[in-house]
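For ligands, and for the atoms within them, numbers begin at 1 and follow the listed sequence.
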Amino acid sequence: MKLLKDRILKDGKCFPGGILKVDKFINHQLDPNLMKQIAVELIRRYASSDINKILTVEASGIAPAIMMGFLLDLPVVFAKKKKPSTMGDMLSTTVFSFTKQREYHMVISKEYLQPTDKVLFIDDFLAYGNAAKGIIDLCKQSGAELVGMGFIIEKAFQKGREVIEKEGIRCESLAIIDSLDNCEIKLREE
Ligand code: 5GP
């Protein structure tokens, strides 16, 4: 997606340890017009799939997910990273965050992820695939079908795609970064 790749090169900032900061348009300040175009492109890629729910994880996945849910007229559910004391029956798993270097719980109420659901998972980044692994686990626990996963940015050198495709799940990313070595952003040509 050229518009997104141009924006990454213009406003993305590289940090040591293979981290890309995109606070100017995805992770802190949001660009709604770009986010809409991201949603439209992800919808185009999954146009032939039968989906009845968009699933994401708080916080940065919510913006693209809600755009998609709005355009497709589908419900959007976000996995929470803390167990709310008010949540009844829930599905829970543990995920390691490499950006924060710690484990966190990922929880979804059983009410909002059910065996009848055909789910498309959306997130801002695919790195090592730990969040994706957590979502795969929650979908397995619930009996929901995980139709595919869509990411705004994939850091291919961290190999998260292997985790997803090994499970036989389709993976789409709108901008693929092959390297952040020496703090230079190398985007894959399509
Ligand atoms: P993974 O679970 O695939 O290892 O990492 C994905 C999650 O970590 C995403 O939900 C994202 O929020 C965060 N993340 C991973 N890499 C980056 C990065 O380079 N920049 C930012 N801003 N977040 C990242």
Side-chain angles (χ1 to χ4, degrees), residues 1 4-5 7-31 34-35 38-39 42 54-69 76-82 91-108 113 119-141 146 148-188:
M1 188 181 164
L4 172 65
K5 294 205 284 194
R7 190 64 181 271
I8 291 169
L9 292 175
K10 181 170 163 265
D11 287 330
K13 301 235 173 341
C14 190
F15 277 70
I19 292 179
L20 181 70
K21 203 168 167 188
V22 285
D23 276 23
K24 207 164 179 180
F25 56 105
I26 291 176
N27 286 133
H28 194 5
Q29 176 170 260
L30 293 164
D31 178 338
L34 178 68
M35 209 49 93
I38 284 167
L42 285 166
I54 307 291
L55 182 60
T56 187
V57 57
E58 65 179 350
S60 296
I62 295 177
I66 195 90
M67 281 282 180
M68 292 182 71
V76 177
V77 174
F78 65 91
K80 296 189 178 229
K81 288 182 175 172
K82 270 192 194 135
L91 308 159
S92 167
T93 194
T94 305
V95 173
F96 179 76
S97 164
F98 103 96
T99 46
K100 299 198 173 95
Q101 288 293 310
R102 62 172 167 79
E103 286 194 329
Y104 64 91
H105 291 291
M106 197 187 260
V107 299
I108 300 179
L113 194 60
V119 167
L120 177 60
F121 173 73
I122 298 297
D123 204 3
D124 57 344
F125 274 90
L126 173 62
Y128 292 94
N130 291 315
K133 232 187 262 177
I135 289 293
I136 292 167
D137 183 24
L138 292 177
C139 286
K140 280 184 183 162
Q141 288 182 42
L146 187 52
M149 299 189 136
F151 301 89
I152 302 177
I153 301 171
E154 173 179 353
K155 293 184 292 177
F157 55 94
Q158 290 170 338
K159 311 255 185 248
R161 179 176 286 268
E162 288 174 13
V163 171
I164 296 167
E165 291 186 338
K166 201 177 71 193
E167 295 283 335
I169 297 162
R170 184 173 165 199
C171 174
E172 292 285 341
S173 318
L174 304 187
I176 300 180
I177 297 176
D178 279 322
S179 160
L180 289 174
D181 287 352
N182 306 314
C183 276
E184 191 194 333
I185 303 170
K186 282 207 181 123
L187 282 161
R188 187 172 299 177

For ligand 1, is there an atom lying under 4.0 Å from some heavy atom of [X]?
X      : result
Ala132 : no
Thr99  : yes
Lys155 : yes

Item checked: Listed partners of Glu184 passing side-chain contact (heavy atoms from CB on, under 4.5 Å), at least two apart ->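 If we apply the side-chain contact (heavy atoms from CB on, under 4.5 Å) test to Glu184, skipping adjacent residues, the hits are Lys186.
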Item to complete: Classify the contact between Asp124 and ligand 1 as side chain, backbone, both or neither, using a heavy-atom distance cut-off of under 4.0 Å.
Response: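 Looking at Asp124 and ligand 1, just side chain atoms fall under 4.0 Å.
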I want to know if ligand 1 touches [X] in the polar sense, i.e. an N/O pair below 3.5 angstrom.
X      : result
Gly129 : yes
Asn130 : yes
Ala131 : yes
Phe125 : no
Leu20  : yes
Asn27  : yes

Only heavy atoms of Ala127, strictly under 4.0 Å: list the atoms of ligand 1 that pass.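 Listed by number with element: 1 (P), 3 (O), 4 (O), 5 (O), 15 (C), 16 (N).
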- Donor-acceptor under 3.5 Å (Gln29 side chain, Lys24 main chain):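 Yes; at least one donor-acceptor contact below 3.5 Å.
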Output a table of donor-acceptor pairs, distance under 3.5 Å, between side-chain atoms of residues 165-173 and any protein atom two or more places apart or on a different chain; print 'none' if there are none.
| from | atom 1 | to | atom 2 | distance (Å) |
| --- | --- | --- | --- | --- |
| Glu165 | OE2 | Arg161 | NH1 | 3.0 |
| Glu167 | OE1 | Lys140 | NZ | 2.8 |
| Arg170 | NE | Glu172 | OE2 | 3.2 |
| Arg170 | NH1 | Arg45 | O | 3.3 |
| Arg170 | NH2 | Arg45 | O | 2.6 |
| Arg170 | NH2 | Glu172 | OE2 | 3.0 |
| Glu172 | OE1 | Arg45 | NH1 | 3.0 |
| Ser173 | OG | Glu154 | OE1 | 2.5 |

Nearest 0.5 Å, please: how far is OG in Ser97 from CG in Asn130?
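Between Asn130 CG and Ser97 OG, I get 8.0 Å after rounding to 0.5 Å.
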Would you say that Phe78 contacts Leu55 through its side chain, given a criterion of any heavy-atom pair below 4.5 Å between the two side chains?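 In short, these two side chains do not touch, never coming nearer than 4.5 Å.
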